[in-house]
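In what follows, chains carry the letters A, B, and so on, assigned in the order in which the sequence lines appear, proteins first and then strands, with residues in each chain numbered from 1. A quick note: this is a predicted structure, and the numbers were derived from the prediction, not measured.
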Amino acid sequence: MSLEAHSQKQREIEELPQVTIRFAGDSGDGMQLTGTQFTNTSAIFGNDVSTMPDFPAEIRAPAGTVYGVSGFQLQFSSSDIYTPGDVVDCLVAMNPAALKVNLRDLKHGGVIILNEDGFTEQTLKLAGMEKNPLKDGSLGKYTVHTIPMTQSTVRACEEVGLTGKGAARCKNFFALGIVCWLYSRPLEPIIEFIDTKFKDKEQLREANTRVLKAGYFFGETAELFTRVFRVRKAHLPPGVYREVHGNEALAIGLITAGQLANKPIFYGSYPITPASDILHELARHKQFGVKTMQAEDEIAAICSALGASFGGALGVTASAGPGIALKMEALGLAVMVELPLVVINVQRGGPSTGLPTKVEQADLFQAIVGRNGECPLPVIAPQSPSDCFQTAIDAIRIATKFMTPVMVLSDGFIANSAEPWRFPDADSLEPIEVEHPEETNGEDGSFLPYMRDEWLSRPWALPGTPGLMHRIGGLEKEDVTGNVSYDPENHQRMVDLRQEKVDKVADFLPEQEVLNDPDGTAELLIIGWGSTYGAIRETTRRLMRKGTRVAHVQLRHLNPFPKNFGAILERYADRPILVPEMNKGQLALLIRGRYLIDAKPLTKVQGRPFTTTEIMESVEHLLAERGKVAK
Amino acid sequence: MSLEAHSQKQREIEELPQVTIRFAGDSGDGMQLTGTQFTNTSAIFGNDVSTMPDFPAEIRAPAGTVYGVSGFQLQFSSSDIYTPGDVVDCLVAMNPAALKVNLRDLKHGGVIILNEDGFTEQTLKLAGMEKNPLKDGSLGKYTVHTIPMTQSTVRACEEVGLTGKGAARCKNFFALGIVCWLYSRPLEPIIEFIDTKFKDKEQLREANTRVLKAGYFFGETAELFTRVFRVRKAHLPPGVYREVHGNEALAIGLITAGQLANKPIFYGSYPITPASDILHELARHKQFGVKTMQAEDEIAAICSALGASFGGALGVTASAGPGIALKMEALGLAVMVELPLVVINVQRGGPSTGLPTKVEQADLFQAIVGRNGECPLPVIAPQSPSDCFQTAIDAIRIATKFMTPVMVLSDGFIANSAEPWRFPDADSLEPIEVEHPEETNGEDGSFLPYMRDEWLSRPWALPGTPGLMHRIGGLEKEDVTGNVSYDPENHQRMVDLRQEKVDKVADFLPEQEVLNDPDGTAELLIIGWGSTYGAIRETTRRLMRKGTRVAHVQLRHLNPFPKNFGAILERYADRPILVPEMNKGQLALLIRGRYLIDAKPLTKVQGRPFTTTEIMESVEHLLAERGKVAK
Amino acid sequence: MSVTEQPRKYTVKDFGSDQDVRWCPGCGDYSILSAVKKVLAEEGVPPEQYAFVSGIGCSSRFPYYVNTYGMHSIHGRAMAVATGLKVARPDVHTFVITGDGDALSIGGNHTIHTLRRNVDITILLFNNQIYGLTKGQYSPTSPFGKKTKSTPMGSLDQPIAPMALALAAEATFMARTIDMHPKHLMATIKRAMEHKGTSFVEIYQNCNIFNDGALDYAQDRKVRAENVIELEHGKPLLFGKDLDKGIVFDGRQLTVAQVGENGVTKDDLLVHDEKDSESYHAMLTRMKYPELPEPIGVFRSVQRPTYEELVNGQISEVIARKGKGDLKKLIEGRSTWEVREEGA
Amino acid sequence: MSVTEQPRKYTVKDFGSDQDVRWCPGCGDYSILSAVKKVLAEEGVPPEQYAFVSGIGCSSRFPYYVNTYGMHSIHGRAMAVATGLKVARPDVHTFVITGDGDALSIGGNHTIHTLRRNVDITILLFNNQIYGLTKGQYSPTSPFGKKTKSTPMGSLDQPIAPMALALAAEATFMARTIDMHPKHLMATIKRAMEHKGTSFVEIYQNCNIFNDGALDYAQDRKVRAENVIELEHGKPLLFGKDLDKGIVFDGRQLTVAQVGENGVTKDDLLVHDEKDSESYHAMLTRMKYPELPEPIGVFRSVQRPTYEELVNGQISEVIARKGKGDLKKLIEGRSTWEVREEGA
Ligand SMILES: Cc1ncc(C[n+]2csc(CCOP(=O)(O)OP(=O)(O)O)c2C)c(N)n1
Ligand SMILES: Cc1ncc(C[n+]2csc(CCOP(=O)(O)OP(=O)(O)O)c2C)c(N)n1
Ligand code: SF4
Ligand code: SF4
Ligand SMILES: [Mg+2]
Ligand SMILES: [Mg+2]
């Protein structure tokens with residue numbers, strides 16, 4: 001008999017289509033781990049899941065303070081979902097600060113599970129709360145469960161001889177046990193995890209397992225809970241799944257691209273939140289020949305990657321806004337020397353240092369036009385954690401085919417969120433063909449490094465190849481020969497050629513898909529890019545249920561735009577076009593400027609993703625304005 | 001009897017409305033000096049003048065090579081002019097390479113003055129010329145004067161005991177003498193210049209003066225010239241004039257602004273073409289309390305300027321494209337800490353190292369949106385060399401009033417060109433009021449560094465002021481208090497406030513003027529910015545003479561746009577709107593995106609300014625398209 | 001540092017800001033903060049006369065916690081900001097707070113150039129041999145082979161010795177001290193503040209979250225005496241619990257000698273000299289644990305005019321020579337001409 | 001350097017490119033170019049095995065003039081580019097050509113970090129103590145008080161000694177030579193190329209347009225012997241036309257001693273040792289004209305694994321241990337689950 005079957009039998013079980021939970025506590029409380037484990041067990045159970053960690057910029061701010069609160073939100077569902085949820089159904093709060101910071105996102109009537117031991121006079125003071133919310137009735141509109149988690153944890157640990165601080169530190173597993181019980185989750189995957197993690201630490205393994213179970217049984221035993229909930233398996237497309245985070249998927253995608261191109265990845269990078277994990281992940285996979293270098297700064301990082309590309313490796317670098325700013329000069333060089341290079345920007349809140357751990361999409365202009373001179377390059381944005389895998393491969397495919405740097409615009413939300421991923425079979429992936437000339441290409445037997453092929457791409461001749469010696473650099477170069485040239489007409493030609501080459505990438509890409517509107521009769525068009533995908537997708541589905549059909553275009557390719565993008569815009573020109581972005585309307589401005597179409601920006605710059613409600617309201621408002629109130 | 005009166009008497013004198021001359025020779029031939037002196041004497045004579053130096057990126061490439069050619073073009077005129085001329089009337093070429101590089105700009109039937117001694121077998125070879133153009137008849141369509149300048153110079157020098165290389169080096173003054181004679185220019189100002197320059201070098205002074213006169217008399221004596229030319233004084237507005245280069249005017253403007261604000265200028269900069277001369281000029285004026293620092297790189301340059309601003313000085317920094325790229329991260333910090341700062345970009349050909357000594361306007365996007373995050377700041381562009389003076393003052397006025405960094409977009413053309421300047425009386429300039437609080441501004445006696453005034457500007461409290469201690473930085477800050485804040489709504493508020501503040505600058509600025517169209521009935525509107533002013537102005541005048549009236553808006557303020565700019569666009573919405581730019585249409589895209597108006601870009605990216613002919617053709621084409629062929 | 005008011009008594013509290021300190025409990029940064037506040041309180045100079053400029057990193061949060069003027073700037077650039085501030089405002093005592101990543105990785109170049117300019121600022125480099133704020137990657141001072149998130153098989157570059165770099169950059173004042181040695185820490189900070197010119201202080205600091213114990217050999221009272229030499233001007237280089245070991249130079253290398261053995265006496269030992277002993281200072285900067293004990297205290301303290309003095313000196317000089325700038329003349333330039341009314 | 005073909009005879013011409021050399025007539029860069037081409041011709045390695053990477057500056061135009069692979073990158077960043085190239089392609093012999101501004105002003109940080117990594121590249125720093133390409137501003141190696149366009153009243157920062165900086169950055173090979181001393185120049189370049197690891201060569205170079213004669217004391221044959229010491233491994237530090245002056249250490253400083261006077265014999269002199277004599281090397285780097293003669297030749301040449309060896313070593317090690325990467329497994333990750341067909 002599984003734990004589940006055993007323990008749920010006496011309680012009323014309520015079926016729910018989906019649930020959003022947020023775990024919140026101190027940075028040191030292990031909330032990220034708790035959330036991850038809950039996600040994992042839910043995914044394995046068969047739900048669709050979507051997560052959103054939210055941690056402070058401080059490493060481990062003094063316990064109990066509001067700025068030290070670390071949160072992890074996830075939605076798990078019996079149907080496919082695209083966001084970690086708008087409002088929280090259940091909040092687990094380990095101390096007053098966690099409660100204070102997160103309460104506003106809890107739905108009316110939601111469940112609160114509190115660690116009673118975390119609510120002391122001191123922690124209340126640290127959180128700046130004058131009254132104890134457990135006592136002043138201010139939580140009246142919620143269902144509150146106050147549980148002495150620390151004490152219970154310590155007690156469970158005593159049994160295996162673990163005492164004091166070490167014991168108390170396991171309390172997150174107690175909380176996890178309770179929540180697993182409440183939502184009828186299997187414990188096995190978590191116990192497996194504990195077994196692996198503490199393989200060599202018998203006592204801790206034992207203690208954590210006991211605490212987890214203690215929490216679970218507490219739920220069952222205590223009279224606190226009158227009902228438990230169940231969220232059925234989702235009807236996901238059949239296949240083998242894993243869970244994947246955005247940064248992880250980017251790293252795996254890069255390695256995969258390297259294998260597909262039969263070339264080593266050279267990754268030069270300087271740590272920065274939220275991009276560092278790509279470096280960490282890549283550094284763990286040296287058996288694929290990946291070379292990672294922690295450079296002295298972002299400039300050295302990109303320059304070393306470019307040097308590696310000159311040598312024939314796949315040069316990659318990543319950073320976040322402030323670090324990308326530093327790379328711009330060298331990126332100009334990459335455009336000029338026309339070598340493949342992938343630059344990943346995991347966008348975070350700006351400007352300047354801004355909000356390092358929060359999400360934003362305000363670096364789009366920087367990516368497309370933020371350099372000196374006319375300096376075009378392809379820009380791609382993944383739209384979900386798992387999509388990062390394909391994006392990395394696409395980036396390298398474009399970079400090598402067109403001999404160009406490519407910018408990938410991920411963001412802090414995608415980077416740290418996880419979702420189930422029906423990963424592809426490695427054998428099914430299309431190889432990336434890369435050619436290096438061995439022969440000269442000039443009529444007189446000379447080598448012409450700027451002779452172009454039908455894609456306007458120049459030859460990637462590698463050092464070591466006899467007879468193809470050539471020099472490249474940042475000064476303007478003569479068409480075809482690549483020699484330095486200050487000639488006016490040549491400069492115009494080269495500026496035009498570099499632009500045309502990037503424009504040509506559109507011919508190489510698939511056409512843009514329009515979601516949700518097979519016959520072109522939708523009432524409105526939403527255009528999104530990057531991580532807004534989930535929220536927009538969920539919005540269009542909610543609207544559909546309400547009887548409003550809204551077409552959805554999610555741009556993965558921001559420069560150049562897909563070939564049919566203009567035609568799509570024309571098709572919807574007579575209807576409202578809405579562009580939700582986590583910035584002040586950057587994509588909207590580009591679309592308006594390029595196509596002279598009245599695309600309406602819906603902007604949000606709050607360091608957190610759109611909720612479906614926000615987008616829905618905006619859609620309804622636009623439709624109402626047109627005198628066509630959404631039904 | 002003046003030299004002029006004396007020597008012109010026997011020749012036929014032809015009156016011309018204006019003349020364009022280009023001096024061209026090796027980098028070491030002193031062509032810049034020659035051009036400058038000719039300009040000077042013409043200006044003092046009373047012509048309007050406009051100049052354009054054109055020098056190679058190499059310091060002094062081996063003599064005789066085409067890439068070592070240095071040129072200086074000027075137009076002098078009997079009416080007011082705005083450009084250095086489209087086509088050259090008279091080309092002075094010291095060697096075959098100079099002839100080769102510059103011939104294409106000479107008008108049919110133009111005058112060529114050649115240094116015969118510079119045309120040897122070796123120099124012909126160095127210039128890659130198979131035949132001697134002096135002999136093969138290829139110059140048939142021009143009026144060619146071949147003069148043994150080196151020999152004549154050496155002979156003139158011998159008289160004062162100067163021999164060998166030193167003597168030959170004076171040959172530019174011989175050429176200058178000839179040209180002065182040919183165009184009836186007075187020699188006095190040049191002789192005065194020689195006197196000052198070689199104050200302590202008797203022999204050189206004597207030699208150069210003699211050579212200059214020898215050239216002049218050669219013109220008179222030799223039978224080569226059948227006519228001489230005269231360009232009458234221009235009817236310029238009365239007043240006292242000087243000649244000024246763009247970079248010089250920027251430097252003087254900055255110092256003036258410092259004096260008007262009663263504050264020292266701190267100028268942190270790293271040398272780069274074509275911005276270095278601002279540093280050189282400022283470093284010469286320490287008696288105004290200007291502090292200049294040659295920093296280790298562009299990042300240190302802007303950061304030190306920002307530090308100085310924090311201390312209460314007027315922090316200024318300048319660079320060109322690649323260096324500006326490096327400043328972007330710190331510029332984001334400046335936006336966040338809301339301190340006054342002026343960043344000057346003397347734009348050059350890009351991308352990357354590009355064409356370091358050539359002109360371009362392709363850094364507009366970089367200036368307005370080229371940073372991470374939503375990071376707005378005011379952007380101003382001077383439209384002529386002398387306008388740089390006022391631009392520098394305006395920049396500092398805006399920076400201090402709004403507590404914001406301001407970007408000034410000059411370019412390599414403006415920087416090195418000169419024009420007569422009817423400079424203002426220092427006493428007539430309006431002071432720049434700057435306040436530093438001495439008292440706290442919070443209700444509880446605390447100091448609130450992000451409390452705003454009616455312009456949304458925050459107080460500039462200086463270190464050393466008792467009671468106003470505060471901390472600023474690049475993390476998002478809480479509205480009013482300036483404390484670090486990760487709060488979502490606060491972030492939105494601050495992002496909005498920073499934008500609104502910059503938008504408000506428009507309220508502070510004069511309305512945009514429309515030139516050439518008092519009654520709003522012009523057939524077309526041209527919108528320009530920066531150094532295209534001259535070419536556009538001259539175009540509209542030429543068109544006027546042909547009976548076509550074209551309105552002209554020259555934007556000095558590129559962010560925010562002037563308050564009435566939208567209204568102007570609306571007024572002309574039914575007519576073609578043309579936006580000439582030395583880039584691929586950056587301003588046009590912004591106008592289109594913001595106002596949804598079909599502004600047509602006219603682009604040129606050749607490292608040299610528009611000619612009036614190019615703009616005129618584009619206007620006529622647009623008008624023709626509308627079925628209204630320009631008469 | 002110039003003082004504008006009569007010295008009055010200040011307390012540590014006067015230098016504490018109203019912001020909660022957000023470092024991890026147990027972090028070495030706390031003791032440095034406390035030492036700095038104590039030293040400032042003792043100086044008797046009002047808080048508004050100080051400015052703290054920092055880059056980015058855990059250490060760089062420091063300015064928020066002192067009630068003075070402050071700027072938490074961007075990663076690696078604090079010294080450039082401080083230089084501008086000091087040149088503009090020689091009257092403000094300017095500190096730079098930085099970390100081993102901030103000052104030696106991305107900011108290494110500014111460190112060098114600030115030192116050779118000799119701007120009168122006090123640099124406190126919190127060296128925890130790790131990137132704290134970005135959660136534990138190796139830093140330029142981490143030992144070779146350091147296993148971190150970014151180097152799971154060990155780091156591959158040779159660590160930088162900050163003192164050696166400082167000397168190469170012509171530092172006029174260089175010192176090293178330890179977070180867990182509060183007396184030494186305070187004394188060293190005081191000396192640094194008193195120095196006129198750039199003072200560069202490396203502070204060994206424990207990051208108990210990502211690099212706990214890495215500097216135990218120097219921080220732990222139990223073993224410290226065997227592993228560090230406390231420098232004192234004019235005193236021989238002696239160390240060890242019983243002060244019975246010393247440092248000698250054999251013409252090529254520094255080595256440890258047991259005093260009293262092999263005929264070695266105290267007279268054979270190198271004698272510490274903070275002043276003009278460049279070559280000796282060069283050797284000191286090469287002393288590294290575990291091969292040799294590491295010196296702490298003031299390595300070098302010499303005088304050279306400060307940058308801001310020189311900058312302002314040139315201005316005064318030219319004004320003395322030519323008088324204050326005349327704006328009219330400046331605008332007029334060297335040569336002018338007049339255009340008269342039409343027909344005149 | 002690995003050679004893929006049988007050595008064959010190459011001539012200087014094989015290493016000349018088809019581009020015209022665009023330096024000013026008389027520039028010291030010409031002699032360095034010629035020396036490099038001669039050395040390359042003698043190596044017997046084909047041109048395609050070399051890559052020259054440079055930054056921006058007059059000196060950085062160098063790659064255009066050698067018929068090898070080359071990149072004229074951006075200002076100050078050549079070493080970072082070269083590092084990536086070398087790590088990707090250990091078989092390509094990689095040179096960095098840089099100037100005093102390029103390598104020590106904007107690029108100072110990359111210089112340090114490249115050296116401590118010990119990437120196997122050969123760095124030639126053309127030190128003309130001026131910014132040539134931007135027409136004559138002072139550089140980090142210009143002497144204090146240098147009057148230039150940007151410093152009309154004299155520069156205010158202390159010059160950097162490139163050798164001192166290199167040692168502080170844990171350089172394994174450092175040498176100095178002179179454009180106008182072709183034999184020494186060629187010999188030094190050869191030694192540098194042979195060194196496995198980063199070799200750092202400072203070349204005194206005359207900029208006859210903006211800084212003519214600044215280095216005459218070392219370049220001019222007439223006075224050179226009095227002002228420089230030619231280092232030779234194992235030989236005492238002797239100099240002077242008659243090789244009768246030497247260098248001694250007095251416990252604090254290096255000083256010049258006249259051999260034969262005051263009882264000084266050759267045995268009292270310091271003896272040059274390129275190998276593990278860190279402290280001695282540290283002293284050498286502090287020797288500056290006019291106080292002391294300046295050493296030329298190889299200061300230091302020690303062995304340490306190169307960065308690219310170590311990077312590739314970790315890869316081989318893990319492959320030896322776990323086998324080559326299995327892409328399927330990588331994509332699968334640590335834990336998977338299966339969703340079956342509906343109803344299954
Ligand atoms: C331009 C830029 N690059 C990278 C970062 C990310 N970053 C912040 S602090 C830091 C290193 C911190 O290490 P250290 O200076 O040693 O300070 P500590 O946290 O150890 O006190 C890094 C890489 C950043 N904020 N900005
Ligand atoms: C980012 C950037 N900043 C500044 C410049 C301008 N610049 C080019 S070369 C140079 C300095 C050259 O000096 P050095 O490195 O000593 O080389 P040299 O010309 O003396 O050989 C400068 C400041 C540039 N090209 N790019
Ligand atoms: S991460 Fe390390 S350095 Fe940073 S606050 Fe925590 S203990 Fe201190
Ligand atoms: S400016 Fe100086 S360094 Fe540059 S090429 Fe000319 S002489 Fe050589
Ligand atoms: Mg650190
Ligand atoms: Mg130089």
Next item on the list: Keeping the roles fixed (side chain from T256(B), backbone from L254(B)), state whether a donor-acceptor pair exists under 3.5 Å.
Entry: no

Next item on the list: Give, as side chain, backbone, both or neither, the part of V311(C) having an atom under 4.5 angstrom from any heavy atom of chain B.
Entry: side chain

Next item on the list: Using the side-chain hydrogen bond (donor to acceptor under 3.5 Å, both in side chains) rule, take Q19(C) and S17(C) through it: C-alpha gap first, then chi angles, then the decisive distance, then the call.
Entry: CA-CA 5 Å; Q19(C) 298 296 298; S17(C) 80; 5.7 Å; no

Next item on the list: Heavy-atom distances under 4.5 Å only: say whether E332(C) touches chain B with side chain, backbone, both or neither.
Entry: both

Next item on the list: Under 4.5 Å, counting heavy-atom pairs only, tell me which of T94(C), T83(C), V87(C), I112(C) racks up the most with chain B.
Entry: V87(C)

Next item on the list: Please confirm whether R185(B) makes a cation-pi placement over F45(B), using NZ or CZ under 6.0 Å from the six-membered ring centre and within 45° of the ring normal.
Entry: yes

Item checked: With H93(C), the side chain to side chain contact (heavy atoms under 4.5 Å, CB included) member among E43(C), M193(C), Q49(C) -> M193(C)

Checklist line | Contacting region of L429(B) [heavy-atom separation from chain C under 4.5 Å] | finding: side chain

Item checked: Within 45° cone and under 6.0 Å: K233(B) NZ/CZ vs W337(C) ring -> no

Next item on the list: Could you look at Y241(B) and say if it's the side chain, the backbone, both or neither that has a heavy atom under 4.5 Å from chain C?
Entry: both

Check: What is the minimum heavy-atom distance between A166(C) and F200(C), and which atoms define it?
Finding: CB-CD2, 3.6 Å

Next item on the list: Against chain B, work out which of L330(C), T336(C), I56(C) has the most heavy-atom pairs shorter than 4.5 Å and name it.
Entry: L330(C)

Checklist line | Heavy-atom pair count under 4.5 Å with chain C, highest-scoring of G311(B), G46(B), P449(B) | finding: G311(B)

Checklist line | Electrostatic pair D427(B):K328(C) at N-O distance under 4.0 angstrom | finding: yes

Checklist line | Region of P189(B) that comes under 4.5 Å of a non-hydrogen atom in chain C | finding: neither

Margin query: For chain C, which candidate among V244(B), D297(B), N40(B) shows the most heavy-atom pairs at distances under 4.5 Å?
Written below: D297(B)

Item checked: Under 4.5 Å from a heavy atom of chain C, the part of Q259(B) involved -> side chain

Notebook entry, point to check: Does R117(C) make a cation-pi contact with Y307(C), if we ask for NZ or CZ under 6.0 Å from the ring centre and within 45° of the axis?
Noted result: yes

Margin query: For L339(B), which atoms come within 4.5 Å of any heavy atom of chain C: side chain, backbone, both, or neither?
Written below: side chain

Check: Which bit of A43(B) is near chain C, if near means a heavy-atom gap under 4.5 Å: side chain, backbone, both or neither?
Finding: both

Check: Looking at G474(B), P463(B), A300(B), which one has more heavy-atom pairs under 4.5 Å with chain C than the rest?
Finding: P463(B)

Notebook entry, point to check: Quick one: does R458(B)'s side chain have a donor or acceptor within less than 3.5 Å of a partner on E338(B)'s backbone?
Noted result: yes

Item checked: Which portion of F389(B) sits near chain C, non-hydrogen atoms under 4.5 angstrom -> side chain

Item checked: pair H72(C)-Y64(C): side-chain heavy atoms closer than 4.5 Å -> yes

Note to self: For chain C, which candidate among M336(B), R471(B), Q287(B) shows the most heavy-atom pairs at distances under 4.5 Å?
What the structure shows: R471(B)

Next item on the list: Tell me, yes or no, whether the heavy-atom count around E194(C) atom CD, taken from other residues, nucleotides or ligands under 6.0 Å, exceeds 12.
Entry: yes

Item checked: Interface moiety of P424(B) toward chain C, non-hydrogen atoms closer than 4.5 Å -> both

Next item on the list: Mind ranking T196(B), V484(B), L468(B) by heavy-atom pairs under 4.5 Å with chain C and telling me who comes out on top?
Entry: L468(B)

Item checked: Approximate separation, where rounding is to 0.5 Å, of E248(B) CD and S386(B) OG -> 11.5 Å

Margin query: Which one wins on heavy-atom pair count under 4.5 Å against chain C: I255(B), I302(B), L462(B)?
Written below: L462(B)

Notebook entry, point to check: Which region of H470(B), side chain (C-beta onward) or backbone (N, CA, C, O), has a non-hydrogen atom less than 4.5 Å from a non-hydrogen atom of chain C, or is it both or neither?
Noted result: both

Item checked: Segment of R116(C) engaging chain B (4.5 angstrom heavy-atom cut-off) -> neither

Notebook entry, point to check: Side chain, backbone, both or neither: which part of N312(C) has a heavy atom under 4.5 Å from chain B?
Noted result: side chain

Next item on the list: Name the region of V290(B), side chain, backbone, both or neither, that has any atom closer than 4.5 Å to a heavy atom of chain C.
Entry: backbone

Note to self: Please check: side-chain N/O of K477(B) versus main-chain N/O of I472(B), any donor-acceptor pairing under 3.5 Å?
What the structure shows: no

Checklist line | Pairing of E42(C) and K38(C) as salt bridge, 4.0 angstrom limit | finding: no

Notebook entry, point to check: Any idea which of S73(C), A82(C), A51(C), G76(C) has the most non-hydrogen atom pairs under 4.5 angstrom with chain B?
Noted result: S73(C)

Checklist line | Under 4.5 Å from any heavy atom of chain B - which part of V53(C) | finding: neither

Next item on the list: Decide if atom CD of E338(C) counts as having more than 12 heavy atoms of other residues, nucleotides or ligands within a radius under 6.0 Å.
Entry: yes

Check: What part of P264(B) is in contact with chain C, defined as an atom under 4.5 angstrom from a non-hydrogen atom: side chain, backbone, both or neither?
Finding: neither

